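First comes the structure, then the notes that go with it.
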Amino acid sequence: MVSSNHENAAGSLAFPKRLWGKIVGFALRLKNLGKDDPRRMIHCFKVGIALTFVSLFYYFKPLYDGFGLDAMWAILTVVVVFEFSVGATLGKGLNRMLATLTAGALGIGAHRLATLSGETGEPILIALFVFIIAGIVTFLRFIPQIKARYDYGMMVFILTFCLISVSGYRDEEVIRMGFERLSTIVIGSCAAVFVCTFICPVWIGVDLHNHIATNIEKLGNFLEGFEDGYFKISEDGQPINKSSSLQGYKSVLTSSSKEEIMANLAKWEPCHGKFRFRHPWNEYLKVGSVTRQCAFKIESLNHYLTSEIQSPPEVRSIIQGECTVISSECGKALKELASEVRKMTKSSAAEPHITNSKAAAENLKAVIRSSLSKHCNFLEIIQAGAVASLLFEVVKCTEEIAGAVHKLASLAHFKNAKPRVTPETQELPSQGAVNPVSGIDGAHHVITIDPSQSLRESENSSPPVLDPRMEV
């Protein structure tokens, strides 16, 4: 009896602990969500500001007397239209306003024509109009270009047209209802767009720009770490698998739909920063496409890092030198291209790395023909040959990425990058300068000697008398 009481007491205490643990875990997840992107917290405040502003139309009596219950449409519009980015909010707001205007006008016209046909023909004509308009607009939604940018407007168009045309009110009431609804929707959309654009704006075009640059950089990181992951051998003869730190490229494989959505939303945004009107957003999609093609090649390379069947170390050592050069140079080239995109500058810094990788690829082909072909066990060289073949494909993909980035830089009017000063190009200080003397044969020169250097050579001896300009 006593033990059962203890069990009941323990069970009653365990439930509050589990509940408190879930509450704490949920709070920590919310905290991490805000840390991942602090703009989310700002977005919450922006939505609250916009809703507070439009709610005045419902609670402020002079405004309520002008719009009545239709003032609620302004609040509903803000809730539906307000999105995280400026492009998404502006696109939805314009879609909703334009769809409401055109559908309201057509609905009033359809209602007017139906009432002229009498009580018998009115429902027939209304049903016919709804069938035709709804069918045509629904079919237009299947067009990819329209669905990408105007799908929300098409849905609002069908809804508004049906609400106005099917209503059984008199003409005057229908016109007044359509005007008030349009006015409140315009007010709500404008409020959402204004707050989203002028209070800590989030530009989806900037996010797409940085997203493309980051994806290219992820591929470069993998290629630069490929040597350590494949050619460094552990004690048991297997490669030291460091692929866990090089898995960032995997997000590139599934980024197609995300990039398309971001590009379509970016087209709604006005000029901002370095992004001009009619910025070539479609070129970002082309860069992203060739980047994914390279990512698929890298995915195949990553398979050989984790494969249980490996080529012998002596076979891998034959191709190690050239494969290292290819992966390293391609990685450096991709990082230079990522920097070019992120900084919006035109640069040729990636070209030497691509040239070096192509030369190393040709050398690797020669090594394969001269060394691996003489290996007696062909099963042992299959994997090494597959790795070499994939690296050839990576070189080609890197060149294609460079071409796409340079085309984007040209169409987007990237600025020319400042020339880099390397130690080889710096002018080293010299103790003496050799200058030609005008009017003397080319074999004669004048040597300028710094007398202070000779003075430092011997502290105790008397300094020699030197002519600062000695003709030889």
Side-chain angles (χ1 to χ4, degrees), residues 209 211-227 229-230 246 248-253 255-256 259 280 282-304 319-369 384-414 416-417 419-420:
H209 180 87
H211 172 79
I212 294 296
T214 301
N215 283 351
I216 299 176
E217 190 174 13
K218 290 177 180 178
L219 303 188
N221 291 334
F222 177 90
L223 291 174
E224 286 191 337
F226 179 73
E227 176 192 4
Y230 183 72
L246 302 174
Y249 77 92
K250 288 186 177 293
S251 61
V252 183
L253 302 173
S255 62
S256 177
E259 291 171 3
N282 289 332
E283 293 301 321
Y284 286 91
L285 298 180
K286 295 179 182 179
V287 176
S289 177
V290 294
T291 303
R292 273 189 301 278
Q293 293 177 14
C294 186
F296 283 114
K297 307 298 181 183
I298 289 177
E299 172 72 5
S300 300
L301 277 176
N302 184 60
H303 169 73
Y304 292 104
I319 65 172
Q320 178 176 358
E322 301 302 331
C323 287
T324 299
V325 174
I326 293 175
S327 60
S328 176
E329 292 295 327
C330 286
K332 292 177 181 178
L334 290 173
K335 284 191 172 183
E336 291 290 347
L337 293 172
S339 177
E340 181 178 344
V341 173
R342 181 172 282 109
K343 297 179 181 178
M344 300 185 74
T345 57
K346 294 180 182 179
S347 174
S348 58
E351 298 302 326
H353 299 297
I354 296 177
T355 303
N356 294 338
S357 65
K358 292 170 70 175
E362 294 299 325
N363 295 337
L364 181 57
K365 292 178 183 178
V367 169
I368 292 174
R369 285 193 296 265
V387 170
S389 177
L390 286 171
L391 287 175
F392 297 154
E393 295 293 332
V394 168
V395 172
K396 183 179 179 181
C397 289
T398 303
E399 193 173 9
E400 292 177 354
I401 293 174
V405 169
H406 293 160
K407 185 178 180 182
L408 170 63
S410 177
L411 294 177
H413 305 289
F414 287 0
N416 293 324
R420 297 181 181 179

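Positions are given from 1 along the sequence. Note that the coordinates shown come from a computational prediction; the quantities given were computed from them, not determined experimentally.
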### Worked verdict on E259 versus I212 for side chain to side chain contact (heavy atoms under 4.5 Å, CB included)
CA-CA 8 Å; E259 291 171 3; I212 294 296; 3.7 Å; yes
If we only count heavy atoms from C-beta on, is the [X] to [Y] side-chain gap below 4.5 Å?
{"X": "L364", "Y": "F392", "value": "yes"}
{"X": "R342", "Y": "E217", "value": "yes"}
{"X": "C330", "Y": "V395", "value": "yes"}
{"X": "L334", "Y": "T291", "value": "no"}
{"X": "N215", "Y": "S255", "value": "yes"}
{"X": "Y284", "Y": "H209", "value": "yes"}
{"X": "C294", "Y": "I298", "value": "yes"}

Which pair of heavy atoms, one from [X] and one from [Y], lies closest together, and at what distance?
{"X": "G248", "Y": "K218", "value": "O-CD, 3.2 Å"}
{"X": "K346", "Y": "F414", "value": "CE-O, 3.3 Å"}
{"X": "H353", "Y": "A333", "value": "CB-CB, 3.8 Å"}

### Task
Show your reasoning for whether side chain to side chain contact (heavy atoms under 4.5 Å, CB included) applies to V394 and I326.
CA-CA 9 Å; V394 168; I326 293 175; 5.8 Å; no
Could you state the interatomic distance from [atom1] ([X]) to [atom2] ([Y]), rounded to the nearest 0.5 Å?
{"X": "N363", "Y": "I319", "atom1": "CG", "atom2": "CD1", "answer": "14.0 Å"}
{"X": "E283", "Y": "S289", "atom1": "CD", "atom2": "OG", "answer": "11.5 Å"}
{"X": "E322", "Y": "L391", "atom1": "CD", "atom2": "CG", "answer": "11.0 Å"}
{"X": "N282", "Y": "L411", "atom1": "CG", "atom2": "CG", "answer": "10.5 Å"}
{"X": "L390", "Y": "K297", "atom1": "CG", "atom2": "NZ", "answer": "7.5 Å"}

### Message
Tell me every residue that passes side-chain contact (heavy atoms from CB on, under 4.5 Å) with S389, counting only those two or more places apart in sequence or in another chain.
### Response
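side-chain contact (heavy atoms from CB on, under 4.5 Å) list for S389, sorted by chain: empty.
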### Intermediate values then yes/no, side chain to side chain contact (heavy atoms under 4.5 Å, CB included), V287 and I216
CA-CA 9 Å; V287 176; I216 299 176; 3.9 Å; yes
### Task
Inspect the contact between K335 and E224 and indicate whether a charged nitrogen and a carboxylate oxygen are less than 4.0 angstrom apart.
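Yes.
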### Message
For E329 and L223: C-alpha separation, side-chain torsions, deciding distance, then whether side chain to side chain contact (heavy atoms under 4.5 Å, CB included) applies.
### Response
CA-CA 9 Å; E329 292 295 327; L223 291 174; over 6 Å; no
### Message
By the side chain to side chain donor-acceptor pair (under 3.5 Å) test, which pairs, at least two apart or in different chains, include something from residues 395-405?
### Response
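As it turns out, the side chain to side chain donor-acceptor pair (under 3.5 Å) pairs with a partner in residues 395-405, which skip direct neighbours, are K358-E399.
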### Message
I'd like to know if the side chain of S328 and the backbone of V325 have a donor-acceptor N/O pair within less than 3.5 Å.
### Response
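No; judged by distance alone, with no hydrogens or angles, the pair does not exist.
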### Query
Is a side-chain donor or acceptor of S339 paired with a backbone partner of E336 at a separation under 3.5 angstrom?
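A pair under 3.5 Å: no.
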### Message
Is there a side-chain hydrogen bond (donor to acceptor under 3.5 Å, both in side chains) between Y249 and E299? Walk through the geometry before answering.
### Response
CA-CA 8 Å; Y249 77 92; E299 172 72 5; 2.5 Å; yes
For residues 403-410, run the donor-acceptor check on the side chains, cut-off 3.5 Å, and write out each pair with its distance to 0.1 Å, sequence neighbours left out.
residue, atom, partner, partner atom, Å
H406, ND1, A402, O, 3.2

